[in-house]
Amino acid sequence: MAAPAWILKLVKAIYPQRFRLARLTRLPLIGWLTDHLFFSGDQMIYIPNQQRIPIQASLETESIVLPGEVVEHFIHQSDDLFLMHACLCRSANDCQDYPIELGCLFLGQAVHKINPKHGRLVSRQEALDHVQRARQAGLVHTIGKTRVDSILLGASPSHQLMTLCHCCPCCCMWNILPEFHQPIAKKIQRMPGLSVSVNAGCMGCGACTNGACFVDAIHLVNGYAAIDQELCRGCGHCLEDCPVGAIEMHIQDNSFIEESIRRIASLVDLT
């Protein structure tokens, strides 16, 4: 049964309190219960925006496979695609910097249970065009399974619902990761096979530390930018904000696309 429309209105109403609510999950019992009820078996992966990020390839290949091919793979795999009318996070946060109308895309048979007031079924080409617009707007994809979406949308079972979000640095739900119960926070991961580093060109200007990072993983240390690799999710926004190109994203494993697809495919059944 589709969830009533007022459910998402309630989520929007409490969205400004998300950091405070996230800190509550640090309490052992609340953290365990939240994980068990809303995030059991979940995993989401950040897909960096390939249109704005100059990935420094270390692979001996003639053509570089781009991260966004993971997204296209699953769109081509699914016959069931549901596009939300608007991004819940940006709408709730009254975003002024990125398009609110670029909402999440959901894939899998469970989309047929989503209340049609929230969006509409779309063709494969419409979904691909939507993803391209999101990239052009400077948004970063996250893709995978998150049970809370299935619960809020009334789209069950959760293993038949894949979430594809288009995130901005200012309003993303996952900005709460540094505040969250760590077992939950670790379910939101960097794309396997990619790394982010600071090179010797860093001037210590601090531009990358002024709100670019979703998870507060980059700071000035001894006058130069340093990345906390434990926190970094590889979204790539810090690369865009560096005025001298001192932050780089590297491909460390030429099977990074296949590994990303394998991980996500193991979570959600799109057949």
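- Glu248 and His250 share a side-chain donor-acceptor pair at under 3.5 Å.
- Gln229 pairs by the side-chain hydrogen bond (donor to acceptor under 3.5 Å, both in side chains) definition with Arg190, not counting sequence neighbours.
- The closest donor-acceptor contact from the side chain of His159 to the backbone of Ser156 lies at 3.5 Å or more, if one exists at all.
- Of the residues Ile143, Ile45, Ile251, the one that meets the side-chain contact (heavy atoms from CB on, under 4.5 Å) test with Met191 is Ile45.
- The aromatic rings of Phe39 and Phe180 sit perpendicular, their planes meeting at an angle over 60°, well past the 30° parallel limit.
- A salt bridge between Lys145 and Asp42 is present, with a side-chain N of the basic residue lying under 4.0 Å from a carboxylate O of the acidic one.
- Salt-bridge annotation for Glu258 and Arg262: absent, with no side-chain N of the basic residue lying under 4.0 Å from a carboxylate O of the acidic one.
- Using modelled atom types and a 3.5 Å distance limit, the side chains of Thr34 and His181 yield no donor-acceptor pair.
- If you check the side chains of Gln109 and Asp80, you find no donor sitting under 3.5 Å from an acceptor.
- One distance of note links OG of Ser40 with CZ of Arg147; it measures 6.0 Å at 0.5 Å rounding.
- A donor-acceptor pair shorter than 3.5 Å cannot be found between the side chains of His118 and His85.
- Within 6.0 Å of OH on Tyr15 lie more than 12 heavy atoms contributed by other residues, nucleotides or ligands.
- Residues passing the side chain to side chain contact (heavy atoms under 4.5 Å, CB included) test with Arg23, sequence neighbours excluded: Phe19, Arg20, Arg26, Glu179.
- Inspection of the Lys12 and Ser91 side chains reveals an N or O donor paired with an N or O acceptor under 3.5 Å.
- Residues forming a side-chain hydrogen bond (donor to acceptor under 3.5 Å, both in side chains) with Asp97 (at least two apart in sequence, or on another chain): none.
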